[in-house]
> 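One structure, as structure tokens, below. Some questions next.
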Amino acid sequence: MGKTFAEKVLARKAGLSEAVPGQIVEVTPDLGMSHDNTAAIRRIFAKLGLDRVKEPERFVVILDHVVPAAQVQYAENHKDIREFVREQGIRFYDVGRGICHQVVVEEGLARPGDLILGADSHTTTYGALGAFSAGIGRSEMAALWATSKLWLKVPSTIRIELYGRLPELITAKDVILYLIGKLGADGALYRSVEFAGPLVEGMSISERLVLSNMAAEMGAKNGYIAPDEVTFEYLKGRVEGDYEPIYPDPDANYEEVLRFDLSDLSPQVACPHTVDNVVPIEEVAGKRVDQVLLGTCTGGRLADLRLALEVMGGRPVAEGVRMLVLPASREVYVKAAEEGLLKKFAEAGALVLNPGCGPCLGAHQGVLAPGEVCLSTSNRNFKGRMGSPEAEIYLASPAVAGATAVTGEICDPRSLS
Amino acid sequence: MIIQGRALVVGNDVDTDAIIPARYLVTTDPAELGRHCLEGLDPGFPERIRPGDILVAGENFGCGSSREHAVLALKGAGIKCVVAKSFARIFFRNATNLGFPLVECPGLGDVNEGDRLSVDLGKGLMRDLTSGRVFEAIPLPDFILGILDAGGLIPWAKRRGHGA
């Protein structure tokens, strides 16, 4: 019987000839990633009584969660982190470089066949490049700093094959919201997901990253997409050295194979307060909003900004609506500036903010008051996520965000063209 | 290892923002976090918790953000363990690695708030002493029990000779 991607990659990283679902293996990741939480990880690491990170070259730290610091406590944490990475010789990206999941990809730190563990639940993102990447906790990162090793349970795998051709203005965000709605927030719990099929093969890296990122919202451990010419082309000039892609066997033993034809997909919206509470836009169109968030690791890439502006079509942001635009990284910010996109957003009345996670996690830069409604391109709409527990968050694509910003109500972008 | 306590009942898909909202993440003090435990679910929830309680949940407990604060908040509030139909995977890892026991009972039936519960971690059993019902739990592999026994991943790593 053939092997899934997860079984193959975990066997390789554990130095075993094979691995089977349920088995616990000890692996050495190629990369360990942490962000603003590095300050807390450092405090846990200190309890081990060690002075040095065993293999600093295996790690990266990227400040993105509350940047620039919004309170003294955050500023102290950032200061602490800068001191730590300097002293340990760990690769570091300071505030303004971008959201960790975009920076890792842009900097070529995630390669096909790599094993990446990150102290962030959306670490699944790098599966889009053919890596096995999964989220872990802080104590685990501290243990990794000390030992370069961590335990993982080999997951069983669900293969999701996507067919058809997406209609105009329908994006990867609509695809993944639709799938999460179908499978549920625990539909892939503890499991590895492989996204495949012609529809996925036809997607750009930007789109694939959204699928893998939000695999986490169906409970998945990782979300793999087989690397192909699109991947190799993207990595040219970004990745140093060779890498070794890993592919599942054609006769791999899947727990389940799901097939969807998405040729008739309409814009999808996740309603409060869970990501799997998904409806086609027709059911929520017309809902008044107070804020539109265009950005984050699932909606702040160059293609997302372009799409939102295209849908806005030169119209101003609606009266009474705050539109926040956060490019996902400095690279995206600079290109968006060169293309004149940031100017167009500003002229439309939007507020262009610095690259970072921004209000997605409710710490700063646009938190919500009780009773307010936000339409966001981010990946979570939990109660209280963006501020008041009495606020409502609707998740949708950048196209829906653009349409909603100019009409002031949740709006089908196809109705504006 | 046997844990006894009073049942405190919540539903499905309780996420880590509900367990501890992001505005409290500025601290890692379990006592402080514990004062806001499950406040995202209901602002009055912290007052319902008594030290020694056992939290009973449905599917996918602890989904969402990877914040370890969620485990610290539960510990800080004095909750002894969580029994659920299933757990989100990072939450499961975090709890294990912080030495906080989780009991996964896929066939968990109705438990009433306030029932007296007795959980046997070694045998993988949960008894509702009030209703007399017994639920089977998924037994934990020795590797995981070893980490719990050491009190978490950091003490476990020390025990294995890492650290000074």
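Values below: all heavy atoms of this structure, side chains included; hydrogens, waters and symmetry mates excluded. Letters go in sequence order (proteins before strands), and every chain restarts at 1.
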> Heavy atoms only: give me the nearest Ile19(B)-Ala70(B) pair and the separation to one decimal.
CG2-O, 3.6 Å

> Out of Thr147(A), Leu361(A), Asp51(A), which one racks up the most heavy-atom pairs below 4.5 Å with chain B?
Thr147(A)

> Look at Gly184(A), Gly384(A), Ser139(A) and state which one has the largest set of heavy-atom pairs under 4.5 Å with chain B.
Ser139(A)

> Measure Leu152(A) against the heavy atoms of chain B and call it side chain, backbone, both or neither at under 4.5 Å.
both

> Just by modelled atom types, is the Gly223(A) backbone N or O under 3.5 Å from a matching donor or acceptor in the Ser212(A) side chain?
yes

> Is the closest side-chain donor-acceptor distance between Asn222(A) and Ser192(A) under 3.5 Å?
yes

> Among Asp15(B), Thr28(B), Leu41(B), who wins on heavy-atom pairs under 4.5 Å with chain A?
Asp15(B)

> With distance as the sole criterion, is a donor-acceptor pair present between the side chains of Glu217(A) and His122(A) under 3.5 Å?
yes

> May I ask you to name which of Cys63(B), Gly64(B), Pro21(B), Ala18(B) has the most heavy-atom pairs under 4.5 Å with chain A?
Gly64(B)

> For Ile136(A), is it the side chain, the backbone, both, or neither that has a heavy atom closer than 4.5 Å to a heavy atom of chain B?
both

> When only pairs under 4.5 Å are counted, which of Asn97(B), Asn94(B), Asn12(B) shares the most heavy-atom pairs with chain A?
Asn97(B)

> Is Leu98(B) in contact with chain A via its backbone, its side chain, both, or neither, using a 4.5 Å heavy-atom distance?
side chain

> Looking only at heavy atoms, which two atoms of Cys81(B) and Val119(B) are closest? And how far apart?
SG-CG2, 4.3 Å

> Sort out for me which residue in Glu39(B), Glu32(B), Arg35(B) forms a side-chain hydrogen bond (donor to acceptor under 3.5 Å, both in side chains) with Tyr24(B).
Glu39(B)

> Go through Gln73(A), Gln71(A), Arg43(A) and name the one with the most non-hydrogen pairs under 4.5 angstrom from chain B.
Gln73(A)

> Out of Lys47(A), Arg380(A), His273(A), return the one with the most heavy atom pairs under 4.5 angstrom to chain B.
Arg380(A)

> Taking side chain as everything from C-beta outward and backbone as N, CA, C, O, which of these in Thr27(B) sits under 4.5 Å from a heavy atom of chain A? Side chain, backbone, both or neither.
neither

> Using modelled atom types only, decide if a donor and an acceptor are shared between the side chain of Arg42(A) and the backbone of Asp80(A) within a distance under 3.5 Å.
yes

> Under 4.5 Å from any heavy atom of chain A, what part of Phe87(B) do you find: side chain, backbone, both or neither?
both

> Given that the side chain runs from C-beta out, which part of Ala216(A) has a heavy atom under 4.5 Å from chain B: side chain, backbone, both or neither?
neither

> Regarding Ser376(A) and Arg385(A), do their side chains bring together a donor and an acceptor under 3.5 Å, going by distance alone?
no

> Which answer fits Ala143(A), side chain, backbone, both or neither, if we ask what part of it has an atom under 4.5 Å from a heavy atom of chain B?
both

> Heavy-atom distances under 4.5 Å only: say whether Glu76(A) touches chain B with side chain, backbone, both or neither.
neither

> Determine whether the aromatic ring centres of Phe45(B) and His36(B) lie less than 6.0 Å apart.
no

> What residue among Asp36(A), Ile62(A), Ile99(A) forms side chain to side chain contact (heavy atoms under 4.5 Å, CB included) with Val67(A)?
Asp36(A)

> For chain B, which of Lys149(A), Glu26(A), His364(A), Lys153(A) has the most heavy-atom pairs under 4.5 Å?
Glu26(A)

> Report which part of Ala119(A) has an atom under 4.5 Å of a heavy atom belonging to chain B: side chain, backbone, both, or neither.
backbone

> Can Asn213(A) and His101(A) be said to form a side-chain hydrogen bond (donor to acceptor under 3.5 Å, both in side chains), step by step?
CA-CA 9 Å; Asn213(A) 177 297; His101(A) 303 309; 5.3 Å; no

> With a 4.5 Å cut-off on heavy-atom pairs, point out which of Ser65(B), Ser86(B), Ala88(B) contacts chain A the most.
Ser65(B)

